[in-house]
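A short write-up of the structure that comes next.
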Protein chains: 2
Amino acid sequence: MSLLDKDGITESEFLEQYRPGDYERPSVTTDMVIFTVTEEEADSYRKLPEKELRVLLIRRGGHPFLGKWALPGGFVRPDETTDQAAVRELREETGVGEVYLEQLYTFSDIGRDPRTWVISCSYMALINSDKLELKSGDDASEAAWFKVSYRPLQEQKELIEDGYIKTRKYELELNGEEKLSAIVSRTTTVKTTSTATEYEIVSNDGLAFDHAKIIAYAIERLRGKVNYTDIALHLMPKYFTLTELQQVYEVVLDKELLKAAFRRKVADLVEETDLYTENAGHRPSRLYQRHLED
Amino acid sequence: MSLLDKDGITESEFLEQYRPGDYERPSVTTDMVIFTVTEEEADSYRKLPEKELRVLLIRRGGHPFLGKWALPGGFVRPDETTDQAAVRELREETGVGEVYLEQLYTFSDIGRDPRTWVISCSYMALINSDKLELKSGDDASEAAWFKVSYRPLQEQKELIEDGYIKTRKYELELNGEEKLSAIVSRTTTVKTTSTATEYEIVSNDGLAFDHAKIIAYAIERLRGKVNYTDIALHLMPKYFTLTELQQVYEVVLDKELLKAAFRRKVADLVEETDLYTENAGHRPSRLYQRHLED
DNA sequence: GCAATAGTGTCTATCAGACAATATACC
DNA sequence: GGTATATTGTCTGATAGACACTATTGC
């Protein structure tokens with residue numbers, strides 16, 4: 001247990017006398033992509049309300065990017081993990097604690113923060129509309145929910161020496177107090193022995209830092225996971241109808257789904273209750289809850 | 001474009017006079033889980049060689065963890081992204097450049113490095129056995145390939161207030177110059193409104209830092225992606241038989257597969273060539289290469 | 001009764017698991 | 001010829017897409 005190194009020093013002696021070198025160190029932040037689903041009023045008393053996917057943004061009150069909208073986030077402290085920093089940020093911004101939280105990706109582009117060297121470890125959180133009431137307008141900082149739209153714009157494929165490069169551009173639109181938009185490209189370089197994917201911000205109107213890229217990445221992760229996990233259930237209130245669940249899937253995937261197939265697919269993810277909707281102007285619907293087993 | 005903040009300062013003035021605060025900053029490193037597949041000699045001239053999944057480790061020549069085995073890695077420099085640092089590390093350790101590289105996860109547990117506050121952004125690289133010749137024993141540092149085994153040991157499920165906690169323990173064994181082993185647990189806490197997964201090192205014999213956890217995470221990612229992407233093809237040489245490809249899938253998944261079903265499944269991932277194996281002691285096999293389109 | 005949604009049935013094409021049958025070099 | 005692998009065929013059950021049909025409430 002007390003091996004000596006080439007200077008004849010034990011590990012505990014080494015740690016005792018260890019002084020961090022003069023290497024330059026980055027600041028590390030967490031940035032949170034917090035999603036929720038809200039309901040829009042319907043035209044007719046009979047129609048169901050429309051669902052919308054929303055993300056929480058905060059207007060920057062100081063330089064840099066003064067007045068632009070940014071993801072909630074902040075510096076990671078020496079006594080906490082990035083996970084803990086994310087939980088802390090989430091609680092500060094929304095007041096909620098127990099929600100779905102997942103590390104997304106660590107962004108480290110040079111110059112992504114004009115002030116200094118900052119690496120961001122990004123997270124995605126899913127909040128159900130029940131909890132949503134708790135927050136909003138709690139402290140001075142201006143926070144707002146923006147409706148998310150993320151659609152493919154264009155696709156290019158270029159053949160190269162030993163493979164090809166495929167570039168797909170997406171339009172990210174965020175509608176809230178203001179209308180923000182950005183174009184993000186995803187470039188996949190496929191060669192015989194390698195495959196690499198890169199995200200780039202092509203244009204950007206109203207979002208701070210590289211946050212358009214982070215939001216795009218989060219949406220892609222969310223869309224991917226919705227298909228093969230029960231992740232979308234974290235966007236639902238305690239009780240919900242299958243039609244509401246389907247609407248959430250549809251608004252996340254930006255795609256219409258077939259009712260029968262959808263119900264088969266989610267059958268194992270939900271649990272029947274004996275509750276029903278009432279006064280809907282049409283046939284009542286059974287309420288379900290998330291199925292926890294397995 | 002030149003908004004003034006509450007002190008009446010423009011963004012460029014702000015950046016001009018910006019001085020990083022006295023916040024403590026972490027060191028950021030990249031750690032690389034570099035996988036390859038090698039062939040073991042067969043008993044009989046007729047039998048095919050057995051494939052093995054291997055990972056590259058480096059014996060630590062100084063404190064802390066002197067003499068233990070660690071993942072290749074190093075500090076991220078101020079003029080590079082974590083991706084670039086990973087590529088640099090990979091080249092330094094193996095001499096190869098164009099390989100599959102994917103960011104895995106950012107580990108930030110308190111005390112994961114006994115010296116100081118270090119956050120590690122981990123990457124997985126896949127190298128094919130062709131390229132493998134290039135490296136090994138190039139510089140003074142002792143690097144070696146270890147055969148990987150990662151098997152479920154035990155599963156527990158505990159019911160709690162509003163959900164359950166499922167703990168699965170895995171045994172990680174690494175066989176190379178020495179025999180290293182660790183037990184890593186994956187704990188999933190499922191409650192009505194949240195789901196969280198956590199990895200923990202239960203025991204650890206011979207691996208430095210929290211690298212057992214990183215390797216476990218990498219294997220799980222690799223196993224997951226093998227099923228629905230062409231990622232495994234990055235472990236293959238330029239030309240290969242379908243049986244060899246199947247063996248790679250089997251050694252990665254630690255599971256036998258049915259031949260007919262396997263061939264149907266990978267049909268679109270590979271491209272026929274007119275080449276065949278020779279002198280095999282049995283019927284020759286057609287050689288395939290990675291199919292690049294789509 | 002009618003509008004609007006809830007919920008179920010079923011046909012078909014596709015695909016994975018399972019197993020079998022046939023094919024072919026090389027010693 | 002015999003061994004060990006290569007390659008294809010096919011049966012079956014499960015599943016997704018597509019569409020249609022029936023059910024039920026509140027006004």
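As the structure is a computational prediction, the values presented were derived from the model and not from experiment. Here is the naming used below: chain letters follow the sequence lines, and residue numbers restart at 1 for every chain.
- One atom, CZ of A/F262, and another, C1' of C/dT8, lie 16 Å apart when rounded to the nearest Å.
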With a cut-off of 3.5 Å and sequence neighbours excluded, list every side-chain donor-acceptor pair involving residues 259-269 of chain A.
none

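- The stretch residues 188-200 of chain A participates, sequence neighbours left out, in these salt bridge (Lys or Arg N to Asp or Glu O under 4.0 Å) pairs: A/K191-B/E98.
- Residue A/T243 places none of its side-chain N or O atoms closer than 4.0 Å to OP1 or OP2 of C/dT5.
- With sequence neighbours left out, the salt bridge (charged side-chain N to carboxylate O under 4.0 Å, His left out) criterion links A/D254 to A/R151.
- Contact annotation: A/S285 does not reach the phosphate of C/dT5 (side-chain N/O to OP1 or OP2, under 4.0 Å).
- Distance, B/Y276 OH to D/dT7 C1': 10 Å, rounded to whole Å.
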Atom pairs, protein N/O to nucleotides 11-21 of chain C N/O, distance under 3.5 Å:
from   : atom 1 : to     : atom 2 : distance (Å)
C/dG17 : N7     : B/R264 : NH2    : 2.9

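- In this structure, the CZ atom of B/R286 is 15 Å from the C1' atom of C/dA25, given to the nearest Å.
- The base of C/dA25 does not come close enough to the side chain of B/R283 for any donor and acceptor atom to sit less than 3.5 Å apart.
- In terms of heavy-atom proximity, B/V202 sits nearest to B/K169 at CG2-CE, 4.3 Å.
- To the nearest angstrom, P of D/dA16 lies 16 Å from OH of A/Y228.
- Applying the salt bridge (Lys or Arg N to Asp or Glu O under 4.0 Å) definition to pairs two or more places apart or across chains, those involving residues 215-242 of chain A are A/E102-A/R221, A/E102-A/K225, A/R186-A/E220, A/D230-A/R290.
- Between the side chains of B/Q156 and B/Q154, at least one donor N or O lies within less than 3.5 Å of an accepting N or O.
- When the nearest nucleotides of DNA chain D are assigned to B/T241 and A/G281 by heavy-atom distance, the more 5′-ward of the two goes with B/T241.
- The distance between atom CZ of A/R263 and atom P of C/dG7, rounded to the nearest whole Å, is 5 Å.
- When the P atom of D/dT7 is taken as reference, atom CD of B/Q246 falls 12 Å away, rounded to whole Å.
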Distance-only donor-acceptor hits, side chain of residues 171-183 of chain B, under 3.5 Å, sequence neighbours excluded:
from   : atom 1 : to    : atom 2 : distance (Å)
B/E178 : OE2    : B/R59 : NH1    : 2.9
B/E178 : OE2    : B/R59 : NH2    : 3.4
B/E178 : OE2    : B/W69 : NE1    : 3.0

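- Distance A/H282 NE2 to D/dT25 C1': 9 Å, rounded to the nearest Å.
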